[in-house]
Each structure stands twice: as structure tokens, then as C-alpha cells.
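Notes for the one structure printed next.
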There are 2 protein chains.
Amino acid sequence: MPHADKAQPVFRALADPTRRAIISMLADGARPIADIAAEFQMTRPAVAKHLAILRDGDLIRVEPRGRERINHLNPRGLKTAARWINLFDRFWDDRLGKLKQVVEEKS
Amino acid sequence: MPHADKAQPVFRALADPTRRAIISMLADGARPIADIAAEFQMTRPAVAKHLAILRDGDLIRVEPRGRERINHLNPRGLKTAARWINLFDRFWDDRLGKLKQVVEEKS
DNA sequence: TATTTACGAAACCTTTTGGTATCATGTCAA
DNA sequence: TTGACATGATACCAAAAGGTTTCGTAAATA
């Protein structure tokens with residue numbers, strides 16, 4: 001392999017709907033695990049695993065606070081994904097019309 | 001529940017490094033399957049599966065052309081992912097982020 | 001001190017994912 | 001028409017993902 005894929009842990013983290021919901025949730029304020037788990041129909045260990053994956057993608061940061069661990073949203077992780085996607089910005093403008101034309105001509 | 005997650009098939013498609021590589025590849029020009037498969041160390045059926053998932057996420061479009069099927073990058077799919085991520089744009093601004101922190105500390 | 005609370009960690013299970021090999025079908029070319 | 005080519009479709013497999021239950025431990029509290 002030429003180089004490790006830096007975006008991989010981020011996109012992996014974003015692939016699960018529960019994890020994206022957690023991201024949205026944390027955007028409204030940092031919260032401890034049990035508090036997050038209460039919002040879902042799954043056990044706390046399951047949510048803890050999702051948080052570990054989000055941490056691996058650098059999408060959240062943990063702040064230990066007494067016996068609690070507060071989970072904060074980390075914007076930089078999302079920015080990594082945004083940067084990758086934005087590599088294709090040029091297609092959203094000049095090529096959109098042309099692709100549509102090509103596809104439709106053949107059908 | 002409230003609404004199906006429209007972004008799910010897109011983020012699922014983006015989660016695999018091979019599929020992201022295919023997207024980059026198609027950004028440089030539409031290509032038939034065998035042509036794409038030649039670039040990877042895996043069999044054609046494996047690549048065909050990846051293409052099916054990309055199609056499911058509306059990230060590519062197929063144009064049948066004789067006995068070939070040309071795969072085109074579809075910008076709209078990527079835009080779906082970009083829109084979701086950009087919901088969190090406000091966090092990318094350091095000043096806003098710090099302000100948010102301060103406000104939360106008061107509560 | 002004894003107990004509850006908030007969490008991590010391990011073992012385990014089922015489903016999904018990413019890959020393979022193989023075969024069937026439509027299209028081009030000799 | 002015969003044969004090669006490009007692809008789709010199916011069956012199968014190992015590993016990863018997503019979930020559970022159970023247990024261990026540090027911090028707050030009665």
C-alpha cells in the first residue's frame with residue numbers, strides 16, 4: 001500500500017446511523033455516556049462501543065470529570081471528511097449538466 | 001420512525017477505501033467495470049459488488065454501451081453527504097466553538 | 001465504612017461485509 | 001455461425017460489525 005488512508009477511521013465512524021445520531025446529539029452539548037445511551041434502544045456497552053469508534057475517527061473527545069466521562073464533539077474529525085468530499089466540488093458545478101445529458105441521451 | 005435516513009446508503013458506500021478509490025478514479029473519467037477492476041488486487045465480481053453499493057448510494061450512474069457498461073461519477077450522491085456534514089459547519093469556527101464552551105460552563 | 005453510581009473490559013452470539021470461484025447471458029467480430 | 005469478450009448472478013466462506021450479558025473497579029454518597 002502506498003500510504004495509509006487517513007480518512008478511513010472517519011468514514012468508518014460516519015457509516016453507522018447510530019453514530020451519526022450521536023454526533024448530532026453532541027452538537028447540542030457534551031454529555032456523559034449513560035446520558036447518551038438513554039436516548040437509544042440499546043444497552044450502554046453498545047453505545048460505549050460506538051463512542052470508541054467515534055473517538056478512533058477523532059470525531060469526539062473525552063473529558064474525564066470525576067467518575068463521569070464527558071463526550072465532546074470534535075469538529076476537526078468532521079473536517080477531515082469534508083475535505084475529502086470537497087475534492088469533488090468541481091463536479092457539482094460544471095459537470096453536473098453534462099453528465100445528465102450523456103445519461104439521458106442513451107436512454 | 002420520523003423519516004428514513006436518506007444519507008445512510010451514501011455514508012455506507014463511502015465507508016470502504018476501495019469504493020472511495022473508485023470514486024477518485026471515476027472523477028478522472030467514466031470507465032467500464034473490467035477497466036476499473038484492473039486497477040485493484042481483487043477479482044472483477046468483488047469490484048462489481050462495490051459498484052453496486054456505490055450505485056445504491058447514488059454515487060455513480062451506469063450507461064450501457066454495447067456490451068460494456070460505463071460507470072460515471074454522480075456528483076449528487078456526494079452532495080448528499082456534504083450537506084449532512086455541513087450541518088456542523090458552525091463548529092469549525094474556533095471562536096464560535098469557544099463561545100459555546102463558555103456558555104455551557106455557565107449552565 | 002458500606003453502598004450506590006458511572007464506567008471499562010471481556011466473552012459470546014448473530015448478521016453483515018468483502019472477498020472468492022463458477023456459471024449464464026448478451027454482444028461483437030471473424 | 002462460431003467463438004471470444006464484457007458483464008450479471010449465484011453460492012459459498014472468513015472476518016468484521018453490532019449487539020448482548022456479565023463482571024471488575026474507581027468515585028461519590030448515605
Side-chain angles (χ1 to χ4, degrees), chain A residues 1 4-5 7-26 29-72 77 81 103 106-107, chain B residues 1 4-5 7-26 29-57 59-73 81:
Chain A
M1 281 186 286
D5 190 343
Q8 180 54 25
V10 183
F11 280 112
R12 186 224 178 183
L14 291 176
D16 186 273
T18 299
R19 289 193 288 267
R20 290 198 303 280
I22 291 175
I23 289 174
S24 294
M25 198 174 297
L26 295 184
R31 305 169 73 173
I33 296 190
D35 202 28
I36 298 169
E39 306 266 3
F40 296 94
Q41 275 186 321
M42 72 182 69
T43 60
R44 182 186 54 75
V47 172
K49 280 192 184 180
H50 283 304
L51 291 174
I53 293 173
L54 286 167
R55 238 181 296 123
D56 193 52
D58 209 24
L59 288 162
I60 63 174
R61 291 277 170 82
V62 179
E63 170 206 357
R65 196 162 182 167
R67 68 181 163 187
E68 290 185 335
R69 290 164 59 85
I70 314 296
N71 296 272
H72 297 260
V103 172
K106 294 299 174 180
S107 55
Chain B
M1 292 294 298
D5 191 345
Q8 180 52 26
V10 183
F11 280 112
R12 187 224 175 184
L14 291 175
D16 186 272
T18 299
R19 289 192 289 267
R20 290 198 304 281
I22 291 174
I23 290 174
S24 295
M25 197 174 298
L26 295 184
R31 305 169 73 174
I33 294 192
D35 202 26
I36 298 170
E39 306 266 1
F40 296 96
Q41 275 186 320
M42 71 182 69
T43 59
R44 183 186 54 76
V47 172
K49 279 192 184 180
H50 284 303
L51 291 174
I53 292 173
L54 286 167
R55 239 180 295 124
D56 192 53
L59 287 162
I60 64 173
R61 291 277 170 83
V62 179
E63 169 206 357
R65 194 161 183 167
R67 67 183 161 183
E68 290 185 335
R69 290 164 60 85
I70 314 296
N71 297 271
H72 296 259
L73 181 61

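Heavy atoms only: backbone and side chains are in, while hydrogens, waters and symmetry mates are out. We name chains A, B, ... by the order of the sequence lines, and we start the count at 1 in each one. Note that this is a predicted model, so its numbers are computed, not measured.
OP1 or OP2 of dT17(C) lies within a sub-4.0 Å distance of a side-chain N or O belonging to R12(B). The side chain of T43(A) places an N or O atom within less than 4.0 Å of a non-bridging phosphate oxygen (OP1 or OP2) of dT20(D).
Counting non-hydrogen atoms under 4.0 angstrom, R65(A) reaches nothing in the nucleic acid. Within the nucleic acid shown, A34(B) comes within 4.0 Å of sugar-phosphate atoms alone, with no base atom in reach, counting heavy atoms only.
In this model, a side-chain donor or acceptor of R44(B) finds a partner on the base of dG8(D) within 3.5 Å. Not a single donor-acceptor contact under 3.5 angstrom links the side-chain atoms of R69(B) to the base of dT7(D).
Heavy-atom distances to DNA chain D give each of V47(A) and A48(B) a nearest nucleotide, and the one nearer the 5′ end belongs to A48(B). Where P32(B) and A15(A) each meet DNA chain D at their nearest nucleotide, the meeting point lying more 5' is that of P32(B).
Here dT29(D) presents its P atom at 6 Å from CZ of R67(A), a figure rounded to the nearest Å. The nearest whole Å value for the distance from the CD atom in E68(B) to the C1' atom in dT7(D) is 10 Å.
In the model, R19(B) has a side-chain atom that pairs as donor or acceptor with a side-chain atom of H50(B) under 3.5 Å.
Between R31(A) and E39(A) there is a salt bridge, since at least one side-chain N of the basic residue sits less than 4.0 Å from a carboxylate O of the acidic one.
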